[in-house]
Amino acid sequence: QLARQISSLVRQLPTVDTKQFKQEFLMEYNDALLMVYLAS
Amino acid sequence: EVDAIFKYDEVQQSAIQAQKPWTKDPHYFKHVKVSALALLKMAMHCRSGGNLEVMGMMQGKTVGDTFIVMDSFALPVEGTETRVNAQAEAYEYMVEFVQTSKQVGRLENVVGWYHSHPGYGCWMSGIDCSTQMLNQQYQEPFLAIIIDPIRTVAAGKVEIGAFRTYPEGYKPPDEPASEYQTIPLSKIEDFGVHAKQYYSLDVSFFKSSLDSSLLSLLWNKYWVNTLSSSPLIGNRDFVAGQISDLAEKLEQADGQLVHSGRAGSFFTPAERKKDDSQLTKISHDATKMTVEQIKDITSQVIKDLLFN
Amino acid sequence: EEQVTTIRESLANVYEGGEEWSKAAQILGGIDLDSGNRILDAEYKLGKCVKIARLYLEDDDAVKAEAYIKRASFLLPKDKNESSDEGKVLALQYKVCYARILDAKRRFLEAALRYYELSQHENVEISGQKVDEEELTHALAASITCSILAAAGPQRSRVLATLYKDERCASLPVFAILEKVYLERILRKAEVDAFSETLQPHQIATLADGSTVLDRAVTEHNLLSASKLYKNISFMELGSLLGIDANKAEKVAARMITEERMQGSIDQVEGIIHFANDVEELAQWDTQIQSLCMSVNSVLDLMAKKQV
């Protein structure tokens, strides 16, 4: 039972791998970097 | 020993009420101890109010110069910054609640009120001061606590302040400057005008042995919440507001700097120093905001590495 | 006029005794309630209107019943006797009647809200007795049924959320299907058939396109559930998932999109529907992380339990 649960868990990775996610993620990242730049 | 603080000594409390040591010294109370239960309840209530100010009452006792807040309850009123003594709408509710509390074994009296300042920090506005002065006239001993639920989430720790007002006409001795906090431009005047009418008390927390074991059990699940939350998304409105406020402050400071730059020789060193300190405050605010953003984006990057 | 009224009332009672509801209603409907010759108080007029509406409802004539209940709704605020026992009974009868009319007219969402409001009358006392628990349960079950039959969309989701969180619903037989509908899971045929056995005739009536009210509600619900599972799907596959043909699936989807109960776009040439969800990717990511972390937690708990 434990082995099956772990197997199922592992199969859920990676959690997200879509183009849209990467876009949103990088946008947030860039916003944060921009804030650092402007603050400094 | 840990749980001794939870014992209610009616005789001791009646004696304190009779002596009224606070009447002799406006600065008598110096410390506040808030129970984990009261803190949780107040924080959750304030958070549930969103951008609306909510308020409630606290039950507890006093021991020497310390307020001990054992419990709290929410009041069915909103918009505490719109009128003096918004509590008045809820007197009937308060009375009934306190009476029922005693019936179920919560013997402590009401020792104060709390309310939220969503996003603009823990300090007493003009209305808060008037309300608290009224409370201190008729309901002593009484304490005011203010919680900022939005800054709590942004900072990752509870933004809480405890205050008591001075009597009308009392001139307080000069106090050392309290810890700096960002005040939005729209509230700066209200903050400044009444700053000398109250003082803040030192806040600490305590929990019972049962609280400790319950919290340690919860801690085993808490990591799930930490990993699955993104303050970056949740606090967007607040951050946007902060940036906008910062921009306005910069414009204001910029205008003043230009004047002092051109006609610098006409300004006294004190006035020039004032501009410097304004810019210092702005850069301090910007730094704080950015550090919070860095913290949030770091957690996103770690999650990305971990899960993707 | 008074004598005529007395005769009409007696005749109506006779018809009522013989279960000729519509005839009784017609007879009572002939009483001139707006006559200038007699002064009739609001309570009397209200009572008559509610009674006529109830009689028409017994014969499933929702249209005529609605006309009288609308008259009654104008009279309700004018009733000065509302706090008396008779007033309370009348008010309850009015509410029940209104809910049943909305139900009969297939305005299921409004009916659900009205039934739910009725189910909360536990503290109303009439002649020293509280409203029968069974009646309240019946109203609650009716509310659940109507909300399931209502058109799928954000408004219905709110009502479903209220019902799902109400503790009393958990003990009702219809709770299982409520849970599935609330959690937006696809409903299977067996479950739908079991649910249809609990419905009233007008709730399984056939519509113009040959399907029943229940069929349409289930199809729309399942379509919404599918929109949460798929990013896009062909109408052939969607039809087989929903148990209907591809053309019908396209029609239902198009209607839901036009009415803004679902978000997406249809490529008629390719025969594919693309679903769009409001939830941003980062928020969805957090949900996935949460479920993953909970799985890790349960693995760890199991390991601890088995002392691995």
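Throughout, a chain's letter reflects where its sequence line sits, starting with A, and its residues are numbered from 1. Computation of the quantities below employed the complete heavy-atom set of this structure, encompassing side-chain atoms and omitting hydrogens, waters and symmetry-equivalent molecules. Remember, it's a predicted structure, so these values are computed and weren't measured experimentally.
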Is it the side chain or the backbone of C:Val308 that comes within 4.5 Å of chain A heavy atoms, both, or neither? side chain
Counting neighbours of NE2 on C:His138 that are heavy atoms of other residues, nucleotides or ligands and sit closer than 6.0 Å, is the number greater than 12? no
Has A:Tyr29 got more than 12 heavy atoms of other residues, nucleotides or ligands less than 6.0 Å from its OH? no
Between A:Glu24 and C:Leu282 the two heavy atoms that sit nearest each other are OE1-N, 3.4 Å
By a 4.5 Å heavy-atom criterion (distance strictly below it), what part of A:Gln23 contacts chain C: side chain, backbone, both, or neither? neither
Taking atom OH of C:Tyr230 as the centre, does the number of heavy atoms from other residues, nucleotides or ligands within less than 6.0 Å exceed 12? no
Going from CG on A:Leu13 to CD on C:Gln288, what distance comes out if it is rounded to the nearest 0.5 angstrom? 10.5 Å
With rounding to the nearest 0.5 Å, note down the distance linking OG1 in A:Thr15 to CD1 in C:Ile289. 5.0 Å
Flag if over 12 foreign heavy atoms under 6.0 Å of CD, C:Gln268: no
CD of A:Gln20 to NZ of C:Lys231: how many Å apart, nearest 0.5 Å? 6.0 Å
Please state whether the side chain, the backbone, both or neither of A:Thr18 comes within less than 4.5 Å of a heavy atom of chain C. side chain
If I take atom NZ from residue C:Lys305 and atom CG from residue A:Leu2, how far apart are they, to the nearest 0.5 angstrom? 11.5 Å
Does atom CD of A:Gln12 have more than 12 heavy-atom neighbours from other groups under 6.0 Å away? yes
Taking everything shown except C:Arg107 itself, do over 12 heavy atoms lie less than 6.0 Å from its CZ? yes
Report yes if some heavy atom in the side chain of C:Glu281 is under 4.5 Å from a heavy atom in the side chain of A:Val16; otherwise report no. yes
